[in-house]
Amino acid sequence: MNEKFLESYNAKNTEDRISLLWENSGFYNPDDMIKAGLTKNDAETFSMVLPPPNVTGTLHTGHASMIAIEDIMTRYNRMLGKKTLWIPGTDHAAIATQSKVEKILEKEKLRKTDLGRENFLKRVNEFAQKSHDTIISQCKKMGASLDWSREAFTLDKKRELAVRTAFKQMYDDGLIYKAHRIVNWDVKGQTVISDDEIIHVERDAEMFTFKYASDFPISISTTRPETKVGDTAVAVHPDDERYQKYIGEIYDINFCGSNISIEIIADYHVDKDFGTGALGVTPAHSIADWDIAERNPNIKVRKVIDEYGKMINCGDILTGMKITKARERVVEWLKKENLLEKSETIKQNISTAERSGGIIEPLPKMQWWIDTEKKFEFKSDKINGIKKGEMVSMKEVMLHVVRNNQINILPNRFEKVYFNWIENLRPWNISRQIWYGHQIPVWYKGDEIYVGTEAPKEDEWVQDEDTLDTWFSSGLWTFSTLGWPDKDSQDFKTYHPTTILETGHDILFFWVARMILMTTYLIGDIPFKTVYMHGLIRDSKGRKMSKSLGNIINPVDLIEKYGTDALRMAMVVGNGPGNDINLDDKKIKAYSKFANKLWNITRFILTETKETNSNTENIEYSNIDLNIINNQKKFIKEITLEMNELKYYIVSEKIYHYTWHIFADEIIEKSKDIFENGSEEEKLSRKYLLIRSIKNILKILHPFMPFITEEIWQELPKSENDRDILMTELWPE
RNA sequence: GGGCGAUUAGCUCAGUUGGCUAGAGCAACCCGUUUACACCGGGUAGGUCAGGGGUUCGAGUCCCUUAUCGCCCACCA
C-alpha cells in the first residue's frame, strides 16, 4: 500500500498530477482511444461542444458548474464505450471584449481612435490571448476531458472561412440584405446592437401633455418632447369618435424653431384610453412609430438626432444641442407659448445597451440584416416533415424542428419561451460599427459590390468597415469546429449533428436559437438532438453573483480550498435542469469530507486484502455476499437508467449515499465481524466482494469525482480485465 | 400588459409518470476514542409539504383559486 494512504486525502497533491496523466495519455481524443483499442472504430458517437467562454476575463462559478455537468456527460459516455468528443474553444465576443479593452484604455486616458484600427486590434488581441490562456488553465483545473487537439476560436482562420462561406450563401439566397431601417443605436458604444442586446431599465420619467400649436386640434403626450421636431404625423385610433373628423388633415407648424408638417392618420396600434388617445408619430426615432410609418407609406421620416446624440436638421433653436438639453429647451418653449397642459412623473422602461450601459437612441441607418421570413430552398431530407427543395423560411424551420421534437429542450418549459421568441422575431441586425470581430466579407468599388470568401484580386476594392454580430460566428459553432465548410471533413461526417448542447438558459435566444437557424439553413440538419439548460449559480443567500455586490466567487479559490472533486459534486447534487442553485461553502466542504471517506474506505480495503488476487470473476461467493452483489447490480442498473435520462443531480446523491451509508456503514462494518469470526470461505468471499465493490464504486463515481477515483484506481491491484486508466474503463453492469 | 418558475425540517434543497410511515446535506441535542476514517460511528429531536377549495380508494405530486418572492418577454406614447 502506498504511503500516502496513511494520511488524509490531499486533493492539492493529487489533482494536477492526475490531470497530466490523462492529458499525456491522449485519451481525451477519441482517435487515440480507437488507436489504443479502447473504443471500437464503429462505436456509437457522442459529441458536444463546450459553449465557448468569452475571452473577456476569467471563468466564474457558472462556467465551473457548466464544465462539471458537461464533463460528467463526456466521461460517462466515454465509459459507455462510445466514440466521445467534447470540443473546446473560446469566443472572441466582439462587443463584450472590445468594451472591456476600451475601459482599460480609458484608464490610460486613451481612446481607440487614438490608436487606430490596427493598433487597437493589437491591444485587443493581446488581451484576448491572456484571457484565453487563463480560461484554458481553469478548464484543465476543473478536470475537463476536452480534446485540446481540436481547440477552436470563433475568430481564427478556419472559423473566418466558415463565417464568410455562410455569409455569402445567405447573401446569394437573398436572406442577407442591406437596408436603411430604424436600428438600436448605442450612442455611448457608437454601434448598432440587436434587439436581444437591449436591457430594459425601469426609471422615472416626466410625461408632458401639450399641443404642437395653439390652433392644432389634438393634444399629445410624450416623455421625449425634443423628438417632436421629428414628428410627421399624429395617429389616432380609427374608431375614436373624438378625432375621426380630423383624419387626413395636414397642419404646417413652427415647433420650437423648426418647421414641421403633421398629418393626422388612423392606426389600430393607438390605444384610445392611454393619455389623450393620440400619438405623435416620430418615425425616425421610435421603433413603434417607424412601424406606423411603414403601414402608412405617405408618412415621411425625418431624422433629427444624429449618432452622437445631438439634434440636427431642426431649426436654429435646437440644432446642435445634446438631447437632454434640447428636452429642457422644448419644455421651456412650450411653457412660454402656453401650450403645455400637463406634466406628470411616470414609471418608464428605458432601453439600454447590454455592454456599454448607454441609452439606446433609435434612429434610421443603413445596415446589414438577416431576413428570417424569406423563403429559401431547403437543402436536405434530414428534417422530418421538410423535403429537399421545399421552399421554407428560417422562422418556419426553427419552429418546426423543436415542435416536432427533432430537437428536445430540457426542461420542457423553455420550448414555450423559444417559440414565443421566434414568433416575434424581427429582422436580425448583424452589422456592428466596432473593430473587433469578423469584418463583413463585402467589398465595394464605386457602385460595384462583391461578396465572397476572399478579397477580390484587383485593386481599389474596399472592404465594408463593419464587423459581424458575435452571435453570427457562434451560430456556426457545432459545425465550424468540425471542419465545415470542407465537405470531406471526417470530423464533420462522424460527429455532426452533435448529441447534446448543454448551456445556460440566459443564452437560449442569443445562441441556441441562432445555432438552430444557421444549421438548418446551411446544412439542412439540426445542430444537436437535445438542449440541456442548466440554471444560474447564485451565492449562498440566493443572490446573483455580480461585481457590484462583491459576491463573486472565483472557482479556483474553491478548488484550492476543497479540491475540484468536492466542488464538482457540490455543483451537481440537486442541480436539476433549469433551476438556479445557491452555492454554499458548507456544501462543498461536505463533499470534501466525502472524498476523504472514500480514501479511508480504500485504506481499509487495501489493508484487509493484501494477499488477495485482484480478479474477482468466477469466485464462489457466500450467500450473503451474493445478495450484496445482486443489490449492487440493481443499484447500478437504477442509476444507469437515470444517467441516460440526464438526471445527474439525483445519481450523484445516490452514489454518495450508497458509498457512505450502505457500503461503508453496513457492508464494511459487517466485514470486520466476518474477518474476526467468519470461516475461511466467508473471509475470502468477503475480501473479493470488497475489491469488486470498490472498483465498481470508483467507476460509477468517476464522472462526478474524476480525480480521487483515478488516484485510487492507480493504486489498486489490477487484474487482466482492468484497464490502466480509470477514465477509459467501461461503465459497470 | 403577456408568459414562466418557486413556496417541503432552523438553513440549503431532493422528492420523474399520484401509493410516503415525506427524505438528504448542514446546523442542534445525547452517547461513543472498539486500529479504515473524529474530515468518524451510533442515536434523538425537528414538517397540518405557503393558505383555501376540488378530483380520487388515495395528493407534496393532478385541477382551480389566493398570497408572497423571483425570472423572462413586450413599441403603451
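The chains referred to below are lettered A, B, ... by the order of the sequence lines, with proteins before strands, and numbering in each begins at 1.
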Would you say the side chains of [X] and [Y] form a donor-acceptor pair under 3.5 Å?
X	Y	answer
A:Arg302	A:Ser258	yes
A:Tyr76	A:Asn644	yes
A:Ser685	A:Asp625	yes
A:Thr564	A:Glu15	yes
A:Asp195	A:Trp428	no
A:Glu249	A:Tyr251	yes
A:Gln632	A:Ser693	yes
A:Asn579	A:Asn575	no

Measure the distance from [atom1] on [X] to [atom2] on [N] and round it to the nearest whole Å.
X	N	atom1	atom2	answer
A:Leu690	B:A36	CG	P	12 Å
A:Glu423	B:G3	CD	C1'	12 Å
A:Glu3	B:A36	CD	P	19 Å
A:Ile655	B:A24	CD1	P	18 Å
A:Glu608	B:A36	CD	C1'	9 Å
A:Phe419	B:G2	CZ	P	22 Å
A:Asn412	B:G3	CG	P	18 Å
A:Asp585	B:C39	CG	P	18 Å

Take atom [atom1] in [N] and the same atom in [M], then report the distance between them in whole Å.
N	M	atom1	answer
B:A22	B:G47	P	12 Å
B:C63	B:U56	C1'	12 Å
B:G41	B:U35	C1'	14 Å
B:C39	B:A28	P	15 Å
B:C71	B:G23	P	34 Å
B:G60	B:C75	P	43 Å
B:U66	B:C29	C1'	39 Å
B:G25	B:G42	P	11 Å

Picking from B:A36, B:C39, B:G5, the nucleotide nearest the side-chain atoms of A:Arg413 would be B:G5
Residue A:Lys593, side-chain atoms from C-beta onward, closest of B:C4, B:A36, B:C40: B:C40
Is there a side-chain polar atom (N or O) of A:Lys416 under 4.0 Å from OP1 or OP2 of B:C4? yes
Among residues 657-667 of chain A, which ones have heavy-atom contacts with RNA chain B below 4.0 Å? A:Trp660, A:His661, A:Ala664, A:Asp665
For A:Lys529, does the NZ atom sit with more than 12 other heavy atoms under 6.0 Å from it, leaving out its own atoms? yes
More than 12 non-hydrogen atoms from neighbouring residues, nucleotides or ligands closer than 6.0 Å to OH on A:Tyr268, yes or no? no
Tell me whether the side-chain N or O atoms of [X] pair up with the base of [N] as donor and acceptor below 3.5 Å, since no angle test is needed here.
X	N	value
A:Lys597	B:C37	yes
A:Lys586	B:A27	no
A:Ser8	B:C39	yes

Tell me which nucleotide, if any, is Watson-Crick or G-U wobble paired with [N] when both distances must be under 3.5 Å.
N	result
B:U56	none
B:U12	B:A24
B:C71	B:G3
B:C29	B:G43
B:U35	none

Output one letter per nucleotide in nucleotides 9-15 of chain B: B when a protein non-hydrogen atom lies under 4.0 Å from the base, S when only the sugar-phosphate is that close, - when neither is. ---SSSS
Look at all strands and tell whether A:Leu508 reaches a base, only sugar-phosphate, or nothing, counting heavy atoms closer than 4.0 Å. nothing
For a quick check of understanding: with a heavy-atom distance under 4.0 Å over all strands, which category does A:Tyr656 fall into, base, sugar-phosphate or nothing? sugar-phosphate
Check nucleotides 71-77 of chain B against the protein and report each pair of N or O atoms closer than 3.5 Å, with its distance, or say if there are none.
{"unit_1": "B:A74", "atom_1": "N6", "unit_2": "A:Asn349", "atom_2": "ND2", "d": "2.8"}
{"unit_1": "B:C75", "atom_1": "O2", "unit_2": "A:His269", "atom_2": "ND1", "d": "3.4"}
{"unit_1": "B:C75", "atom_1": "O2", "unit_2": "A:His269", "atom_2": "NE2", "d": "3.1"}
{"unit_1": "B:C76", "atom_1": "O2", "unit_2": "A:Asp271", "atom_2": "OD2", "d": "3.3"}
{"unit_1": "B:A77", "atom_1": "O2'", "unit_2": "A:Ser221", "atom_2": "O", "d": "3.1"}
{"unit_1": "B:A77", "atom_1": "N6", "unit_2": "A:Asp271", "atom_2": "O", "d": "2.6"}
{"unit_1": "B:A77", "atom_1": "N6", "unit_2": "A:Phe274", "atom_2": "O", "d": "3.0"}
{"unit_1": "B:A77", "atom_1": "N1", "unit_2": "A:Asp271", "atom_2": "N", "d": "3.3"}

What class does the angle between the rings of A:Phe414 and A:His505 fall in, given that below 30° is parallel, 30 to 60° is tilted and above 60° is perpendicular? parallel
Tell me the ring-ring contact (aromatic ring centres under 6.0 Å, His included) pairs involving residues 635-655 of chain A, sequence neighbours left out? A:Phe635-A:Tyr658
Applying ring-ring contact (aromatic ring centres under 6.0 Å, His included), can you list everything that pairs with A:His180, at least two apart in sequence or on another chain? none
The complete set of salt bridge (Lys or Arg N to Asp or Glu O under 4.0 Å) pairs with one or both residues in residues 224-239 of chain A, sequence neighbours excluded, reads A:Arg224-A:Glu226, A:Arg224-A:Glu361, A:Glu226-A:Arg327, A:Lys228-A:Asp231
